[in-house]
Amino acid sequence: MTSKTNPGRFFEDYTVGDVIRHAVPRTLAEGERAMYTALYPQRFALHSSDAFALWCGLDGSPMDDLITFHTVFGKTVPDVSLNAIANLGYADGRFLQPVFPGDTLRSESEVIGVKQNSNGKSGVVWVRTTGINQSDEPVLSYVRWVMVRKRDPEAAAPEAIIPDLIEVVPAADLLVPDGLNFDDYDFASAGEPHRAADYAIGETIDHIDGVTIEEAEHMLATRLWQNTAKVHFDATHRDDGKRLIYGGHVISLARALSFNGLANAQCIAAINGGSHANPCFAGDTVRAWSEVLDKAEVAPGIAALRLRLVATRGRAFALRGDDGKYLPDVLLDLDYWALMPA
Amino acid sequence: MTSKTNPGRFFEDYTVGDVIRHAVPRTLAEGERAMYTALYPQRFALHSSDAFALWCGLDGSPMDDLITFHTVFGKTVPDVSLNAIANLGYADGRFLQPVFPGDTLRSESEVIGVKQNSNGKSGVVWVRTTGINQSDEPVLSYVRWVMVRKRDPEAAAPEAIIPDLIEVVPAADLLVPDGLNFDDYDFASAGEPHRAADYAIGETIDHIDGVTIEEAEHMLATRLWQNTAKVHFDATHRDDGKRLIYGGHVISLARALSFNGLANAQCIAAINGGSHANPCFAGDTVRAWSEVLDKAEVAPGIAALRLRLVATRGRAFALRGDDGKYLPDVLLDLDYWALMPA
Amino acid sequence: MTSKTNPGRFFEDYTVGDVIRHAVPRTLAEGERAMYTALYPQRFALHSSDAFALWCGLDGSPMDDLITFHTVFGKTVPDVSLNAIANLGYADGRFLQPVFPGDTLRSESEVIGVKQNSNGKSGVVWVRTTGINQSDEPVLSYVRWVMVRKRDPEAAAPEAIIPDLIEVVPAADLLVPDGLNFDDYDFASAGEPHRAADYAIGETIDHIDGVTIEEAEHMLATRLWQNTAKVHFDATHRDDGKRLIYGGHVISLARALSFNGLANAQCIAAINGGSHANPCFAGDTVRAWSEVLDKAEVAPGIAALRLRLVATRGRAFALRGDDGKYLPDVLLDLDYWALMPA
């Protein structure tokens with residue numbers, strides 16, 4: 001066998017300043033939207049209905065923001081995650097403009113930090129990834145850092161460069177999609193009466209429902225974003241014969257469940273950070289709760305709610321144990337900004 | 001935890017004459033059609049092919065009538081079924097015009113009857129639900145009645161109002177979609193040579209094939225219609241750890257299977273009534289048979305066949321036992337009118 | 001029960017020269033494309049992105065060639081495979097023009113050969129199937145032969161007519177889709193740097209990844225092509241309670257996996273032959289490897305690679321045992337021509 005396949009990049013292959021153009025641009029359309037609705041209990045009205053989106057000043061219903069995220073992320077996997085040991089975190093994620101059916105997305109990542117681990121066998125790489133549409137306009141930008149194996153443990157360590165990352169995207173930086181307004185917002189159509197003013201900082205919301213995950217579902221979802229990381233698909237890859245569920249599947253599941261109590265949090269404006277606290281497997285019943293972390297008015301009539309979204313295996317409202325570590329049934333701890341009527 | 005989530009309506013919350021506008025309008029498009037074809041063995045030519053639909057006088061292939069039904073029904077779940085103990089029946093369902101890709105549907109229900117049960121703990125509520133498109137035209141109307149818990153068992157009983165329901169939609173009331181004609185109907189393309197004249201009242205038809213259901217399939221289907229009733233998704237909800245399959249999944253499966261023997265029964269004009277006789281679970285192999293109950297000519301060259309469609313677990317051609325109750329392997333007993341070449 | 005369902009054709013029902021028009025034309029659109037991406041790890045850029053397809057001179061991204069194949073094939077099942085004992089082979093498959101979203105396909109088969117088996121109980125039937133679009137233009141043509149039961153073992157044997165089949169579609173016959181050119185081909189977007197000149201005849205390529213198949217996935221896929229052969233859907237049909245996976249599911253899985261190492265083999269121009277060497281069942285982890293059998297330049301800048309694509313259960317690089325028979329873990333041995341930059 002010759003090996004014409006991409007072996008993936010090792011720690012030594014990342015140099016700060018390098019820009020990686022990820023392969024396979026992707027056109028998204030009505031099919032991806034329908035699949036998304038079948039895979040997740042998605043009911044946010046702006047992403048369900050052209051009519052509702054027109055009432056909100058848009059030309060039609062944009063793709064769910066997480067469709068954009070998963071598509072842009074999926075393209076980075078062959079270049080960033082193939083030899084990764086761990087996905088360490090996200091920061092400074094900004095949704096820059098909506099994606100509509102028919103748009104084509106591609107991804108680029110700039111290496112913005114590297115730091116070899118003290119064991120000499122691996123290192124941490126920081127990249128800023130940008131999703132770009134067919135008009136060469138950025139639609140999403142975020143920082144991600146991963147731990148990556150070295151090809152040669154004897155290779156010299158590069159100069160450590162650790163990027164200065166913000167903990168929270170400032171409310172003043174949040175972008176409101178062109179034309180979006182909630183002046184004639186129809187709360188009855190959206191499903192709940194609560195506007196941003198009805199939420200208190202510190203308030204927690206139980207999203208009530210639970211969804212038991214099947215192998216077929218998470219594999220369909222992950223492939224839909226052309227994310228082909230072995231660990232999600234190959235039951236013979238891990239010693240325990242389990243397929244690890246793509247973390248983004250849990251994000252979408254939890255976000256969709258959050259409709260119960262946050263039905264008017266129509267779009268995601270920023271992702272401040274996120275941890276996949278514990279692995280998720282088929283058979284798990286996923287539930288979710290949210291905590292309101294902050295609020296801000298970002299445009300006339302439009303507020304941003306900063307939310308902690310927690311996904312759990314079964315019903316579990318505690319986040320961390322006495323040791324400060326995530327409890328074993330916490331799957332996701334995501335910090336994001338959502339836009340809603342003020 | 002604060003509770004901003006919709007607790008659902010209890011029996012006391014329904015007053016005859018009230019109109020409930022259900023949340024989240026939904027745009028249906030080519031994606032939903034493809035998913036429907038993947039979920040059910042759907043082969044009716046009018047719903048498979050734009051070319052065939054053009055030959056029949058339409059502007060393109062309309063969405064399967066059951067896509068319309070499931071979408072309209074799904075929207076009512078948070079307001080009608082959340083505290084329901086049982087789904088008691090359907091009546092007087094009328095398909096008023098076809099839905100095409102790009103149309104947006106919403107649902108409204110008028111409360112048309114209430115009757116408290118003698119136990120004082122629950123009552124029966126009748127609603128007439130209407131599906132409405134983006135031009136405010138009705139596309140579907142049907143009556144459904146459910147048994148709903150009371151919030152307060154001590155609350156006084158309302159005056160009992162039981163609506164007068166017809167048992168069968170009169171053939172004279174059946175609507176033929178604008179433009180539809182079977183003058184140049186291509187039986188070879190449709191798959192079978194039988195026109196309405198070839199069916200005898202009382203005739204029964206075995207649809208032959210069986211489909212074994214998987215958990216992933218019925219959950220994908222039910223979410224596709226934004227029906228998020230817990231019992232379909234949460235394996236920890238019932239004591240037996242089983243997820244109950246949405247009754248509409250069985251309807252669609254049986255109707256799709258009925259292609260074998262009823263390939264020319266191209267569209268559903270009315271649903272006269274239906275019972276989900278026994279629950280269906282993943283692992284069941286579903287089969288179906290039909291009985292011709294009546295026939296009528298509804299337009300030149302277009303006939304309606306009134307059909308009993310029975311879905312069974314395994315092969316089972318008897319409907320009821322000596323006690324008059326449905327036999328345990330009967331899943332569905334549906335009474336509907338379909339349009340076909342006269 | 002009356003039987004209005006199609007009993008399928010028996011050996012006696014095929015006469016050389018007969019043309020069978022298969023039922024149910026089908027419109028393919030963005031939904032089918034999204035489903036295909038969710039079902040298979042499909043990443044070929046020409047089928048993922050309108051933008052990439054425009055760069056290659058097309059008006060938009062065509063449907064994956066195997067979507068065309070499965071749709072055309074699925075339509076033949078009720079007329080060709082219903083009473084088939086075995087699917088014996090394919091030959092001389094030619095992709096005649098691309099299919100775009102919105103196109104409607106139908107299928108016709110001409111009987112080109114019959115030969116009764118010496119046991120008198122069955123016979124072999126050869127058909128040439130053509131897929132035709134809504135403008136009555138052929139999009140695909142291939143020969144397939146199956147072993148079919150006789151209705152009446154006493155019926156006289158027809159004169160044996162065995163068609164003269166070519167083993168390989170000559171490179172000179174391969175059609176390049178109208179407008180397709182690789183002059184400004186973007187290897188970085190496509191995912192790998194290898195052009196046809198980089199492949200040597202005899203070279204073998206390990207496609208590395210494996211995918212474990214679930215029941216829900218292969219049933220969704222097979223229904224999507226309106227292929228309703230019992231054996232794929234009914235767990236009670238076989239004595240062992242197993243659902244046999246549609247051979248085309250394995251073809252699509254293997255072709256999608258072949259992206260790793262053959263990312264620039266953008267479209268299938270011909271299928272020279274193929275064997276479903278062993279049955280595939282849910283739970284199998286499918287892997288694939290390819291062997292370069294031949295190369296040819298078919299247009300300026302466009303080369304064809306003749307490839308053997310082998311799908312295996314688990315990792316298995318040997319094809320046949322000492323007895324010349326396929327080894328038990330070989331699922332598919334497909335011989336095809338793909339187009340790529342020269």
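Only the backbone of Ala190(A) comes within contact range of chain B, with at least one heavy atom under 4.5 Å from a heavy atom of that chain. Using a 4.5 Å cut-off between heavy atoms, Ser189(A) touches chain B through backbone and side chain atoms alike. Interface residue Tyr40(A): only backbone heavy atoms are found under 4.5 Å from chain B. There is no contact between Leu262(A) and chain B, counting heavy-atom distances below 4.5 Å. The contact between Thr104(B) and chain A is made entirely by side chain atoms (from C-beta outward), counting heavy-atom distances below 4.5 Å. For Asp186(A), the part lying near chain B is the side chain, with the backbone staying farther off; criterion is any non-hydrogen pair under 4.5 Å. For Arg106(B), no part sits under 4.5 Å from any heavy atom of chain A, backbone or side chain.
Ranked by heavy-atom pairs under 4.5 Å with chain A, the list Glu217(B), His22(B), Met35(B), Gln134(B) is led by Met35(B). Interface remark: of the candidates Val211(A), Leu54(A), Leu39(A), Leu39(A) forms the most heavy-atom pairs closer than 4.5 Å to chain B. If you tally non-hydrogen atom pairs under 4.5 Å between each of Ala216(A), Gly191(A), Pro41(A) and chain B, the highest count goes to Pro41(A).
Around CG of Asp59(A), the count of heavy atoms belonging to other residues, nucleotides or ligands within 6.0 Å does not exceed 12.
Residues of residues 229-243 of chain B lying within less than 4.5 angstrom of chain A, judged on heavy atoms, are Lys230(B), Phe233(B), Asp234(B), Ala235(B), Thr236(B), Arg243(B) in numerical order.
Residues meeting the side-chain hydrogen bond (donor to acceptor under 3.5 Å, both in side chains) test with Asn278(B), sequence neighbours left out: none. Take Asp103(B) and apply the salt bridge (charged side-chain N to carboxylate O under 4.0 Å, His left out) test, not counting sequence neighbours, and it matches no residue. With sequence neighbours left out, the salt bridge (charged side-chain N to carboxylate O under 4.0 Å, His left out) criterion links Arg9(B) to no other residue.
Between the Asp79(B) side chain and the Thr76(B) main chain, no donor and acceptor come within less than 3.5 Å of each other. Of the possible donor and acceptor atoms, one in the side chain of Glu192(A) sits under 3.5 Å from a partner among the backbone N and O of Ala263(A).
No side-chain heavy atom of Cys280(A) sits less than 4.5 Å from a side-chain heavy atom of His218(A). Between Gln42(A) and Phe44(A), the closest side-chain pair of non-hydrogen atoms falls below 4.5 Å.
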Just do the side-chain hydrogen bond (donor to acceptor under 3.5 Å, both in side chains) check on Tyr246(B) and Asn227(B) with the steps written out, would you? CA-CA 9 Å; Tyr246(B) 162 50; Asn227(B) 175 339; 4.9 Å; no
What do the steps show when you test Arg144(B) against Asn87(B) for side-chain hydrogen bond (donor to acceptor under 3.5 Å, both in side chains), and what is the final call? CA-CA 8 Å; Arg144(B) 177 186 174 211; Asn87(B) 194 13; 3.1 Å; yes
Walk me through it: do Thr5(B) and His207(A) pass the test side-chain hydrogen bond (donor to acceptor under 3.5 Å, both in side chains)? CA-CA 7 Å; Thr5(B) 60; His207(A) 302 308; over 6 Å; no
